[in-house]
There are 2 protein chains.
Amino acid sequence: MIKNKIKGLKMTPQRLAILAYLEGNIDHPSADDIYKAVLKKFPTMSFATVYNTLESLKNRGSVSELTIDPDKKRFDPNPDPHNHLICNKCRKILDIHIDYELRVPYEKKQGFEITGNHIKFYGICPKCRRGK
Amino acid sequence: MIKNKIKGLKMTPQRLAILAYLEGNIDHPSADDIYKAVLKKFPTMSFATVYNTLESLKNRGSVSELTIDPDKKRFDPNPDPHNHLICNKCRKILDIHIDYELRVPYEKKQGFEITGNHIKFYGICPKCRRGK
DNA sequence: TTCCTTAATGATAAATATTATCATTACATA
DNA sequence: TATGTAATGATAATATTTATCATTAAGGAA
């Protein structure tokens, strides 16, 4: 529910529009994608507002920033830990929900306190497979 | 051995200097890190040459590009598949060599042909743990 | 409901990272 | 040693993200 994602922040129309676009979105859009999409319904939207909003939502844990695309940051409206499937050709990113037990033996930890992990699976998506 | 990493490419002093810096380097440097380091011993080095060389080495499979740091690309002179340990505070990146059997059941593959994976472990490094 | 404080917006500039262009240079092989 | 071509270096262009700041408006208080 969108209201929970924004609790504690001012509920501006711009933020609601951004959240509405993100809600249920599985495309892992970039800031530019979000800007372009929201602009259609909200012609006064500024780029700065997109970044500001994403920053706020990130800090609240309502969205997560993905470091998957080498060229730009992408955003995931699902902040629960999950993994991703990436097409090496078209760069499409899909969620993949499998939990693995990734135990790290003490002698491999190198003194780190490990708090989480993220798995990227690389491959070729169905569309790109057919296209070749 | 450096010569193998460059086989098929012209062996220029600039490239040798870059390779020498990368050889055995475990810091996962950015293009800028590499540029700054090589510049000390090679004052005429151009930024473009660093990028060009990294591109060539990447295409040959001699180095790999890491999508781990959200702000910039980093490079790993070890092209063999391995995983990474990342400090959430200081952003330091360490190699972690553990092989996991990450089986993906057919119904989770979403039509992808999976060719590889990469695991990022997040945590706090020893130095940052002490610093707090 | 109206007022008021303060956070948010929008316009824009600045910073950072990467890619592209191209004349000149120099590697490598014939 | 001469020569074709790939590589270099200088620089411009592009892309992404962050910073600045005057103006606006959300939302709690009166």
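Each chain gets a letter, A, B and so on, in the order the sequences are listed, and its residues count up from 1. Everything quoted here is computed from the prediction, not taken from an experiment.
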In terms of side-chain heavy atoms of [X], which of [options] is nearest?
X	options	value
A:Thr44	C:dG10, D:dG9, D:dT17	C:dG10
A:Ala48	D:dG27, D:dA19, D:dG4	D:dA19
B:Lys72	D:dA25, C:dA17, D:dT17	C:dA17
B:Lys73	C:dT19, C:dA8, C:dG10	C:dT19
A:Thr53	C:dG10, C:dA28, C:dT9	C:dT9

Between [atom2] of [N] and [atom1] of [X], the distance in whole Å:
X	N	atom1	atom2	result
A:Asp71	C:dT18	CG	C1'	9 Å
B:Met45	C:dT25	CE	P	18 Å
B:Leu57	D:dA7	CG	C1'	13 Å
B:Asp32	C:dA17	CG	C1'	9 Å
A:Tyr35	D:dA15	OH	P	15 Å
B:Glu55	D:dA7	CD	C1'	14 Å
A:Tyr51	C:dA8	OH	C1'	18 Å
B:Asp69	C:dT18	CG	C1'	14 Å

N or O in side chain of [X] less than 4.0 angstrom from [N] OP1/OP2:
X	N	answer
A:Ser46	C:dA11	no
A:Gln14	C:dG10	yes
B:Thr12	D:dT8	yes

Looking only at atom types and distance, does a side-chain atom of B:Asp33 sit under 3.5 Å from a main-chain N or O of B:Ser30, one as donor and one as acceptor? yes
Keeping A:Lys108 on the side-chain end and B:Ile96 on the backbone end, is there a donor-acceptor pair under 3.5 Å?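 Not confirmed, A:Lys108 side chain does not pair with B:Ile96 backbone.
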Would you kindly confirm whether A:Leu19 and A:Tyr21 end up in one hydrophobic cluster when ILVMFWY residues are joined by side chain heavy atoms under 4.5 Å apart?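 Looking at the clustering, A:Tyr21 is in the same group as A:Leu19.
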Stepwise side chain to side chain contact (heavy atoms under 4.5 Å, CB included) check, A:Leu102 with B:Leu102: CA-CA 9 Å; A:Leu102 299 181; B:Leu102 300 181; 3.9 Å; yes
Please verify the inter-ring angle class for A:His84 with A:His28; under 30° counts as parallel, over 60° as perpendicular, anything in between as tilted. perpendicular
In terms of the nearest nucleotide of DNA chain C, which residue is placed more toward the 5' end: B:Leu9 or A:Leu9? A:Leu9
For A:Pro13 and B:Arg74, find the nucleotide of DNA chain C closest to each by heavy atoms; which residue's nucleotide sits nearer the 5' end?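 Nearer the 5' end of the strand: A:Pro13.
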